[in-house]
Amino acid sequence: MSPRGQLILIEGLDRSGKSTQSSILTAKFSKSKLLKFPDRTTKIGSIINEYLTDKSVQLSDQSAHLLFSANRWELNNEIIQLLNEGYFIILDRYIYSGIAYSLAKYEFSKRNANDSTVTSTVDEQIGDVNWLIGPDLGLPKPDLTLFLTLDLAELSNRKGWGEERYELQEFQTIVKKSFLRILPTDTDDSIEIVDVNNKNIEQVTKLIWDIVEKKGVNA
Ligand code: T5A
Ligand code: NA
């Protein structure tokens with residue numbers, strides 16, 4: 001039987017280079033598989049895709065949160081099986097995105113609720129980290145998590161910015177704060193923050209590979 005594979009997660013803000021870097025990293029291992037969340041090819045993924053691309057699609061924040069989590073559970077058995085077969089699985093977003101984006105929606109709607117010119121409701125569950133974590137409990141834990149961070153000014157210059165629901169500069173600022181709040185960097189040394197400011201694709205690839213080697217995940 002082959003030794004268990006490893007689960008490597010690349011997290012980060014919109015357009016921080018997650019998809020670029022997770023493809024490159026996947027190609028570095030001979031026995032590897034790239035999984036991207038949300039996976040828009042599944043049943044639940046197709047609803048998420050509509051929600052993200054069509055602003056007329058209405059979902060409560062709670063149900064959107066649960067759908068993103070359910071989308072991860074759709075892939076749970078595949079992940080476990082691949083790990084048991086010795087695969088290196090590279091994840092392009094996962095549970096931290098789930099928590100950070102919902103938390104950011106809460107902070108964002110709270111700001112709007114304070115602004116008397118905008119009518120909106122604030123859903124308390126979406127601001128409750130314990131509630132947000134609940135549906136993801138039990139999913140396979142990554143052996144290594146890399147969080148790609150960069151300044152918002154640099155991010156909004158990148159190609160494709162502004163096409164999807166969450167890509168407003170003000171919202172991304174809150175998303176960044178939410179990630180930094182929920183990532184347990186102090187207590188969990190499998191989580192690394194990677195500063196990608198003013199670094200080209202090759203430089204970021206090298207930064208990531210150095211961490212992967214240092215952590216011994218490439219054994
Ligand atoms: N979401 C997701 C939730 O709310 N809950 C959840 O549980 C999950 C999983 C879609 C949305 O869903 C939300 C978060 C998102 O808002 P997505 O499909 O991953 O999630 O969408 P994006 O994050 O927008 O994915 P992108 O593919 O657009 O961003 P990436 O992957 O970070 O960036 P990438 O690699 O595609 O690069 C973007 C551009 O920048 C260039 C690339 O060539 C590309 O043009 N680039 C660089 N340019 C300069 N220097 C570098 N170092 C560069 N690296 C890449
Ligand atoms: Na991506």
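Values below: all heavy atoms of this structure, side chains included; hydrogens, waters and symmetry mates excluded. Being a predicted model, the structure only gives us computed values, none of them experimental. Just follow the structure's listing: the first ligand is 1, and inside any ligand the first atom is 1.
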Check [X] against ligand 1 and report side chain, backbone, both or neither, counting heavy atoms closer than 4.0 Å.
X	answer
Lys199	backbone
Arg40	side chain
Asn200	backbone
Gln21	neither
Leu13	backbone

| said: Evaluate Asp61 against Tyr106 for side chain to side chain contact (heavy atoms under 4.5 Å, CB included), listing each step before the verdict. | reply: CA-CA 9 Å; Asp61 291 345; Tyr106 175 79; over 6 Å; no

| Lys/Arg cation over aromatic Tyr87: Lys33, 6.0 Å, 45° cone |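 No, cation not above the ring by the 6.0 Å, 45° rule.
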
Does [X] have a non-hydrogen atom less than 4.0 Å from ligand 1?
X	answer
Gly12	no
Val196	no
His65	no

Answer yes or no: are there more than 12 heavy-atom neighbours, outside [X] itself, under 6.0 Å from its atom [atom1]?
X	atom1	value
Arg4	CZ	yes
Asn200	CG	yes
Lys43	NZ	no

Under 3.5 Å between some N or O of ligand 1 and some N or O of [X]?
X	result
Gly98	yes
Arg93	yes
Asp92	no
Pro38	no

Contacting atoms of ligand 1, where contact means under 4.0 angstrom from a heavy atom of [X]:
X	value
Lys18	23 (O), 29 (O), 30 (P), 31 (O), 32 (O), 33 (O), 35 (O)
Arg72	6 (C), 7 (O), 9 (C)
Ser19	27 (O), 30 (P), 31 (O), 35 (O), 36 (O)
Lys36	17 (P), 18 (O), 19 (O)

Do [X] and [Y] pair up side chain to side chain, a donor and an acceptor below 3.5 Å, judged on atom types alone?
X	Y	answer
Asp123	Ser60	no
Asp136	Tyr96	no
Glu11	Thr145	no

| With a 4.5 Å heavy-atom cut-off, do Phe88 and Lys28 have their side chains touching? |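 They are not in side-chain contact.
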
| field | Cationic N near anionic O, under 4.0 Å, Asp14 to Arg93 | value |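 Arg93 and Asp14: salt-bridged.
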
| Nearest heavy atom to atom 2 (C) of ligand 1: which of Tyr94, Tyr51, Phe68 does it belong to? |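 Closest candidate by heavy-atom distance is Phe68.
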
| field | From Gly17, Ser22, Ala104 - option closest to atom 33 (O) of ligand 1 by heavy atom | value |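 Going through Gly17, Ser22, Ala104 one by one, Gly17 has the nearest heavy atom to atom 33 (O) of ligand 1.
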
| Which residues share a salt bridge (charged side-chain N to carboxylate O under 4.0 Å, His left out) with Glu74, sequence neighbours left out | none

